[in-house]
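Note that the structure is predicted; figures quoted are calculated from it, not measured. Letters A, B, ... are given to chains in the order of the sequence lines, protein chains preceding strands, and every chain is numbered from 1.
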Amino acid sequence: MSGALPLLTWEGLPLAVLLSSFIPGIGIMLLGEERRRARTLLNLAGAVAKLVFVALLLQGVAAGAEYAWAMEILPGLALTLRADALALLFVTLSAVLWLLTTIYAIGYLEGGENRRRFFSFFSLCVTATTGIALAGDLFTFVLFYEALTWATYPLVVHRGTPESVEAGRRYLVYTLVSGAVLVLGAVWFQVETGSIAFGPGGVVDPEAAAAAPTRYLVLFLVLLAGLSVKAALFPVHGWLPVAMVAPAPVSALLHAVAVVKAGAFGVTRLLHSLFGIEVSWAIGGAGVVAVLAAVTILYGSIRALAQDDLKRLLAFSTVSQLSYIALGVALLAPMAQVGGLVHLVHQGIQKIVLFFCAGLLAETLGVKKISQMGGVARRMPLTLAAFTLAALGMIGIPPMAGFLSKWYLGVGAFQGGMPWVAGVLLASSLLNAAYFLPVIRTAYLDEPDEAWSTDAPPRGRWGAEADLRLLLPAVIVALLALLAGVFGGAAWSPLAWSELIVGRGDLW
Amino acid sequence: MVGAEAGAGGLLVAAAVGLPLLLAMAWWMPPLRRGATALAPLAALPAAVLAGVHLASLRAARRVADEAGLPVAPESGLDLTLELPLLFLNLRLGIDLAGGALLTLTALLWVAGGLFARRSRADDPRKETFFAFFLATMAGNVGLVLAADLLTFYLFFALMTFAGWGLVVHARSEAAVRAGRVYLVLALLGEVAILWALFSLGAAGGAGFTASGFVEAGNALALVPGEGLAASWEALGERAPWVALLALFGLGVKAGLLPLHLWLPLAHPVAPTAASALLSGVMIKAGVLGWLRILPEVGLALPGGEGAPLALGVWVGGVLLVMGAVGAFWGVVCGLAQDDPKTILAYSSISQVGYLAMGTGLLVLAGPGTEVGLLALGAVLLYALHHGVAKAALFLSVGVAGVVSVGPPRGPSRPGSLRARLRDDGVGLWGLRLGVFLPALALAGFPLTSGAVAKGLLKNALAEQGGGWYAVLDPLLLLAATGTTLLLLRFGVRLEAKVSERRAEARAGEHGSNPDASAGLPPGLALPWGGLVLASILAPLWLAPGALGAAFVPPGVEVPSALGGGMAGFLQLALPVVVGAGVGGLVLVRVLAGPGLPGGFHRLRIPAGDLLVPVSALLARRPRSSAGLATLAAGVREVLLRFEDRVAALHARLGRGDLALMRGPALGFLLLLLILGLAIFGSG
């Protein structure tokens, strides 16, 4: 197509990606609460447009094009958007999952209150996430990082129950304090290095860092402290399991894409685009990240063991799995970095399925606890099929996508000379099996629980086991997680893209 | 021409793995389920065809080389490989000598098992689920046999492991679910050990980014002699002993190597009979194949010689030899104390895997390509074939016994005359006895059976190795064969007892309600079972050098005669069986026949799962608890829940305190910080 070519080279493409969710966000706020159709149309149009723009960007970046867009908003300070391969990994994930989660949310919240507020902030939340991904310098990053906090808060407290208000408060306390620390760190970084732009291989002068390693380490740690709350690193992960009181689509987006990924992505930028991995190791910062991540992986998994509430179990699982990313990108081995990066996508698609399924069970059967899940597979086979695939992926069983992450991280651990990391990964695999497999066994083998089997639960259209708007996104993403693993060798797989990032030297 | 051949070969390889996989996936599409279930018994046909084509072409290639006086080609002339770079991390499939032998076994047993299950599961309301797991397990099994690199091997190995769980728990009984849990726990530990080994080997082999681009891990694990995996071992150096041990034990879980066999006597018997036959007949061989794939080149990591007191190969091979020998006896001892015929057979498998471990140990000890190594490789492959067919036939006979025992209705019996008894028992029962006796004789290694051939080759390899191993193990092998005879005798006696019990019940219940009662043994069961029995009986013919035998062993290896070659050899083979039968038949007949071990032996009673009981009791700190693992899990859960509560309470307190502090002024302060930050950004 002749029309696509100018678009491909259009520098404003990153901005278009950003606006494709920002405009619906504002638009929905202006529309009335009852304008259901218009709202849905606007939402879906935005999500589809975003996908198209992202596809164009992917094509361009794969071919070697570069996109940068900047607008000066204060003297010397510009809003800088840049679409490099790393940014696109995150943007693509959020664009695809945003569309599916929107469909899910429309079904989930049908008949509920305050849907205008919900969908508006939902779009803004994705906008902020996209901004974080595309941020070309620390300033832009911090701006969107803070915006994300505010865009997410109304979603967490959406239900308005005392429990969710309490969760929202805790979320604000954690994120605002860490946000302030991040700003402090950003300012210090600017003063120290005179630069705030992200650059491949880092922008810190290795000699300067070598001259004052302690000061640079403290600077690194301040920035890390600012990022670690959203990345849910131990011991500041406490907000995450509480925030799961939010509606299922919010939890899904929060745990797979938006907030936690912003943190993990920030840690990646910190290690690779600000300090550079070599300097990070030289001053000891990367070692701190690796150890913290390893502790978090084990801690999250162990806590997950003791949960009966399905969503709470999933939340602790997120705490654990998320740190695979930080652990991978912190290592000095390219294979491990590929593993960490690709887990950004793999964890996202697998975890969102699990939350979708938790929502499906709660909505359709009222089942929220694992102890009530006996025999649910007979009533909701597709839901449980999706759940099983995603859970097996989390454990890291081939051919699910999660295995590829584990494989790259594991081989990378040995290449980086840190076999203990492989030990942590395998221990976490066993723990994942220990808390996911009993759930699956209960769902398939146990006798149906009275809590839901006595009355006839609602069915979806065409006799489907549940509302199709909830069921289809879950099934589709589960298939994506399967395909991402089975076709790991294909050029369009997340794995191939992560290899491209590392191979190009965007990271390395 | 060659291209077309290669293409067709590749397609056949793809069909062998793909057909069962596709049929298994049909389960998710309910309209297709019935069709897939009906086709399930045929899903292993492409694998059978592939095995046949491979064997034929290999034989042809060897004959041509023979006639031309050339060194014999180890591989066939056909290109039966398939590389799918899009799939997984570059899926590589192909067939070599070991693959050819094991594919023959795999295809034969899965066809027989599928046909048997089709009849025996006919009235099962959950048969579609059974066949879905059945097909997925089959796909994993065929795939791992054909895998041309260790990553591909692991992929299919994991598929077989997890799909196999569905077969173990199929009955949904308490025993089945418990067996399933033990199976999974040990399987997961095994997977972790294997992965650790593969991580190390992949990393050492240079997977990842190099100056010339990205190298897939599969390359570092490719099963190409002298390259790939071999180079990875060489590069591993000092860390190799740990890696080798992890691989050995990780795969040993599947093989049932002592002391990782705990799941086996629980899981094999509770599965439906057709699945038991496959678990014991062919799936434990997956672990053995894994050893054959990963271990032989281990000696390259730390070669022997000056400075190195012990070459790694000798060390790892020694572990296999010792554990194999111990297992060969342990299986017999524990098996003799069992009541259930299927559990006895499961213990016999543990004992027999001991022989396979010993053969593999010899191969690793001597190194691949050496004379001993070639003999040992041939011995392991022939033994796997021999044991697989005979053991599967015996397992199916337990299922057949269940039908025959309610047998055709007859008039009241007139005790006394043989003729009356024959009529009374029906031809089916005598057929059953014969069908149990002959494969059992083969397992015991009586002359003229496949066991004589396989054991003969193993002894030859051992004799060629010579030295201390030969001096110790050769007499032990005789003793173990005696034990096997005793164990199989106990199996026969217990099966007979079970048949009598059921017949009595059936008569009491006026021929019962079994629809098969009037039909006798249905052909749907008789054919696959009889086929396997026949294959086992005739094995000395088709394993013979003139027939297919040559294609199962490395070139230059002579397949020994089933007669033992001379009087001494014949006696060596026959003696343990005669002695075992004599001891069993004359002295211990009452002991063997009774439920459990009577008299003073009662205290020696060994529950199925033997070591599992003390192990789980130890874990649970509650002696004699049969659900030890569950208790342990519950305990951990309780501790964590308590911890959870405490953390939650702490959080609640902290959260409130923080908030009281935070509200208002704190937010304002943060806002101020933000603005300040922006300002400094601007000025800088």
Quick check: closest heavy atoms across B:L89 and A:L495, and the distance to 0.1 Å? CD2-CD2, 3.3 Å

What part of A:P241 is in contact with chain B, defined as an atom under 4.5 angstrom from a non-hydrogen atom: side chain, backbone, both or neither? neither

Per-residue tally against chain A (heavy atom, under 4.5 Å) across B:L188, B:V177, B:V169 peaks at B:L188

Output the distance between atom CG (A:L445) and atom NE2 (B:H170), rounded to the nearest 0.5 Å. 11.0 Å

Which bit of A:L392 comes within less than 4.5 Å of chain B, counting heavy atoms only: side chain, backbone, both or neither? neither

Below 4.5 Å from any heavy atom of chain A, which atoms of B:L184 appear? Answer side chain, backbone, both or neither. side chain

Other residues, nucleotides and ligands only: do more than 12 of their heavy atoms fall within 6.0 Å of CH2 on B:W242? no

If you look at every heavy atom in B:S200 and A:F414, which pair is closest and at what distance? OG-CZ, 3.3 Å

Less than 4.5 Å to any heavy atom of chain B: does that hold for the side chain of A:I397, its backbone, both, or neither? side chain

Name the region of B:F156, side chain, backbone, both or neither, that has any atom closer than 4.5 Å to a heavy atom of chain A. neither

Between CH2 of B:W165 and CG of A:L437, what distance do you get to the nearest 0.5 Å? 8.0 Å

Considering residues, nucleotides and ligands other than A:E163, do more than 12 of their heavy atoms fall under 6.0 Å from its CD? no

Which heavy atom of B:A203 sits nearest a heavy atom of A:V411, and at what distance? CB-O, 3.5 Å

Are A:L425 and B:L195 side-chain neighbours, meaning at least one heavy-atom pair lies under 4.5 Å? no

When every non-hydrogen atom of A:P398 is compared with those of B:Y154, the smallest separation belongs to CG-CE2, 3.6 Å

Between B:F88 and A:F403, how do the two ring planes meet: parallel, tilted or perpendicular, split at 30° and 60°? parallel

Among the listed options A:A484, A:G416, A:G396, A:G423, the residue most often paired with chain B at heavy-atom distances under 4.5 Å: A:G423

Between B:L159, B:T161, B:L87, who has the most heavy-atom pairs with chain A when the cutoff is under 4.5 Å? B:L87

Taking the side chain as everything from C-beta on, heavy atoms only, tell me whether B:F199 gets closer than 4.5 Å to A:L409. no

Neighbour count above 12 (heavy atom, 6.0 Å) for B:E174 CD: no

Would you indicate whether the side-chain heavy atoms of B:L155 and A:P399 approach each other to under 4.5 Å? yes

Select, from A:S429, A:P419, A:G412, A:A434, the one with the greatest count of heavy-atom pairs under 4.5 Å involving chain B. A:P419

